[in-house]
J.: 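To start, I am sharing the structure in question, which I have written as structure tokens.
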Amino acid sequence: MDELDLSLVGALQRDPRAPWSALAGPLGVDAATLSRRWARLSSSGEAWVTCYPGGAADGGPASAMVEVECEASRAAEVAGVLARDPRAATVEVLAGRADLLLTVFSADLRELTRYVEQRVARVPGVLRTRTDPLLHVVREGSRWRLGTLDAGQRQAIGERSASGRGSARDRPRDRELMLALGEDGRMPHAELSERTGIPVTTVRRRVAELLDSGRAVLRCDASARLTGWPETALLRLDVPAEELEEAAHGLGLLPQARLCALTAGPANLLLVVVARRLVDLPRIEALATRGRPRVRVVDRQLTLRTVKLMGRLLDEDGLARTRVPMDPWAAPPG
């Protein structure tokens, strides 16, 4: 990717549905050039905008990180099977105690447990699983930034985020809209109307409500290898209960943090960080615990390869090659 590509991805991280005309000034090129650039990036699988349900605290889907241990030499086979599941949003191959790490969404905690026990654990080659339900997500991937924009560009583009003003009610056919936006988070309202059969004026209003309420989340992703952030690690931390809230919000502000969440597992805080080089990970870990003498890193796991990232199946270079819709309400495979 060249500098304009990186700036374009950085801009869409801040406002994934921004019109090209609104980004032309801050990025210093005309809208037609941005449209052509994005068409190339998205068609090649180098970058994409997706959508997924949010708002677990307000009755949205339950989520968890699920470790999977596999029989010798069967991790890739198991990863390929589970990557086809709509409830397994992300599938990563690990170095460490477990072989795979799944990010799972399901309608509620009971359905999530059923999915792990009756689907994941029964895939041939799986030896055992371990589930860490996410109680509260302080920061997640849609909030991570490449850092390719200067202060003036950031101010001019602004930041698309849930305002809390939209309706948090579950309306009929919202699922259809979210699934369509999961394919292309920049899909025009007219095309969304064609896909779903919902009148375009209603589509426009519903999409705004879903995003403003936080019930739907838009996210711009790109090949980690091409953008220069190829290394990912999961840190499990043990934090005293009285320090947990402050520590979670502080760690969520780290520029390298892609996920920071409270969990019900043996470690009560999960932190996913990204780095430009493997040798940077110990420094990031030291930064996370600096000034917090009672916070302990109890486990760390390095991602060797991402098979699936929030619904996109990736090749060896991290390019999106196909899509498995993320659907927490989908029936589990038979």
Side-chain angles (χ1 to χ4, degrees), residues 1-52 54 90 139-163 181-189 191 207 211 216-232 252-260 272-277 280 284 303 306 309-312 314-321 323:
M1 290 188 180
D2 63 20
E3 289 303 316
L4 180 55
D5 291 337
L6 291 170
S7 295
L8 178 53
V9 171
L12 292 179
Q13 286 181 327
R14 299 181 69 83
D15 191 351
R17 287 183 66 83
W20 301 130
S21 57
L23 300 181
L27 298 186
V29 294
D30 60 86
T33 297
L34 293 178
S35 178
R36 287 195 302 270
R37 285 290 184 117
W38 182 250
R40 177 179 61 78
L41 290 172
S42 56
S43 64
S44 66
E46 295 173 64
W48 58 93
V49 174
T50 192
C51 176
Y52 48 93
T90 295
R139 180 188 178 102
E140 47 93 35
S142 69
R143 309 300 298 168
W144 183 76
R145 303 291 178 253
L146 273 177
T148 53
L149 303 178
D150 61 35
Q153 290 172 317
R154 294 195 299 271
Q155 183 175 7
I157 295 168
E159 183 89 45
R160 173 80 200 198
S161 59
S163 65
L181 286 169
E183 178 181 340
D184 177 8
R186 291 188 57 82
M187 189 177 291
H189 292 113
E191 187 175 346
V207 169
L211 297 177
V217 178
L218 291 175
R219 168 169 161 172
C220 179
D221 278 308
S223 166
R225 183 167 170 262
L226 295 180
T227 55
W229 292 89
E231 311 301 343
T232 302
L253 295 176
L254 289 174
Q256 302 90 347
R258 282 198 77 136
L259 172 74
C260 184
V272 175
V273 297
V274 293
R276 294 189 180 277
R277 304 173 302 163
D280 294 332
I284 296 170
T303 296
T306 301
L309 179 63
M310 299 307 285
R312 293 308 198 275
L314 308 183
D315 65 13
E316 296 286 346
D317 292 320
L319 302 178
R321 291 311 183 197
R323 170 178 169 265

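Scope of the values below: all heavy atoms of this structure, side chains included, with no hydrogens, waters or symmetry mates.
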J.: Under the rule for side-chain contact (heavy atoms from CB on, under 4.5 Å), what residues qualify as partners of Thr303, not counting sequence neighbours?
T.: Glu92, Leu94, Thr232, Thr306
J.: For a quick test of reading the model, state the closest non-hydrogen atom pair linking Ile284 to Val274 and the distance between them.
T.: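 Smallest interatomic distance, heavy atoms only, reads CD1-O, 3.6 Å.
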J.: Might you point out which heavy atoms bring Tyr52 and Ser142 nearest each other, and give the distance in Å?
T.: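 Where Tyr52 meets Ser142 most closely, the heavy atoms are OH-CB, 3.6 Å.
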J.: I need the minimum non-hydrogen distance between Pro26 and Leu23, along with the two atoms involved.
T.: CD-O, 3.4 Å
J.: Mark yes or no for whether Arg276, through its side chain, and Gly228, through its backbone, hold a donor-acceptor pair below 3.5 Å.
T.: yes
J.: Under the side chain to side chain contact (heavy atoms under 4.5 Å, CB included) criterion, do Leu309 and Arg219 qualify, and how do the steps go?
T.: CA-CA 11 Å; Leu309 179 63; Arg219 168 169 161 172; 3.7 Å; yes
J.: Backbone N or O of Trp48 within a donor-acceptor pair of the Trp38 side chain at under 3.5 Å?
T.: no
J.: Please report the interatomic distance CG(Leu6) to CG(Leu149), rounded to the nearest 0.5 Å.
T.: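 Answer for the CG-CG pair, Leu6 versus Leu149, is 10.0 Å.
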J.: Taking only residues two or more places apart in sequence or in another chain, which ones pass side-chain contact (heavy atoms from CB on, under 4.5 Å) with Ala22?
T.: Pro19
J.: Rounded at 0.5 Å granularity, tell me how far CG in Leu41 sits from CG in Leu319.
T.: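 Rounded to the nearest 0.5 Å, the CG-CG separation comes out at 10.5 Å.
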J.: Would you check, one step at a time, whether the test side chain to side chain contact (heavy atoms under 4.5 Å, CB included) holds for Asp280 with Gln256?
T.: CA-CA 10 Å; Asp280 294 332; Gln256 302 90 347; over 6 Å; no
J.: Please answer whether the main-chain N or O of Gly152 pairs with a side-chain N or O of Gln155 as donor and acceptor at a distance below 3.5 Å.
T.: no
J.: Between atom CG of Leu12 and atom CG of Leu146, what is the distance when rounded to the nearest 0.5 Å?
T.: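 Answer for the CG-CG pair, Leu12 versus Leu146, is 10.5 Å.
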J.: Run the side-chain hydrogen bond (donor to acceptor under 3.5 Å, both in side chains) test against Arg225 and tell me which residues pass, sequence neighbours left out.
T.: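 Scan of Arg225 (side-chain hydrogen bond (donor to acceptor under 3.5 Å, both in side chains), adjacent residues dropped) gives Asp317.
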J.: Please, which pairs that meet salt bridge (Lys or Arg N to Asp or Glu O under 4.0 Å) have at least one residue in residues 14-24, sequence neighbours excluded?
T.: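 Qualifying pairs, neighbours excluded: Arg14-Glu159.
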J.: So how far is it from Arg139 CZ to Leu253 CG, rounded to the nearest 0.5 Å?
T.: 7.0 Å
J.: If you define the side chain from C-beta out and look only at heavy atoms, does anything of Arg312 sit under 4.5 Å from Asp221?
T.: no
J.: Quick check: do Trp20 and Leu27 have side-chain heavy atoms less than 4.5 Å from each other?
T.: no
J.: If you compare all heavy atoms of Pro16 against all heavy atoms of Leu218, which two are closest, and at what distance to 0.1 Å?
T.: CG-CB, 3.7 Å
J.: Measure the CD-CZ distance between Gln13 and Arg143 for me, rounded to the nearest 0.5 Å.
T.: 10.5 Å
J.: Applying salt bridge (Lys or Arg N to Asp or Glu O under 4.0 Å), which residue pairs with at least one partner in residues 37-51 are found, sequence neighbours left out?
T.: Asp2-Arg37, Asp5-Arg37, Asp5-Arg40, Arg40-Glu46
J.: Can you tell me how far the SG atom of Cys51 sits from the CE atom of Met310, to the nearest 0.5 Å?
T.: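 Taking SG in Cys51 and CE in Met310, the distance rounds to 9.5 Å.
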J.: Could you list the residues that satisfy side-chain contact (heavy atoms from CB on, under 4.5 Å) with Ala222, not counting sequence neighbours?
T.: Met1, Val9, Ala47, Thr227
J.: Determine whether a donor-acceptor pair (N or O, by modelled atom type, separation under 3.5 Å) exists between the side chain of Ser43 and the backbone of Ala39.
T.: yes
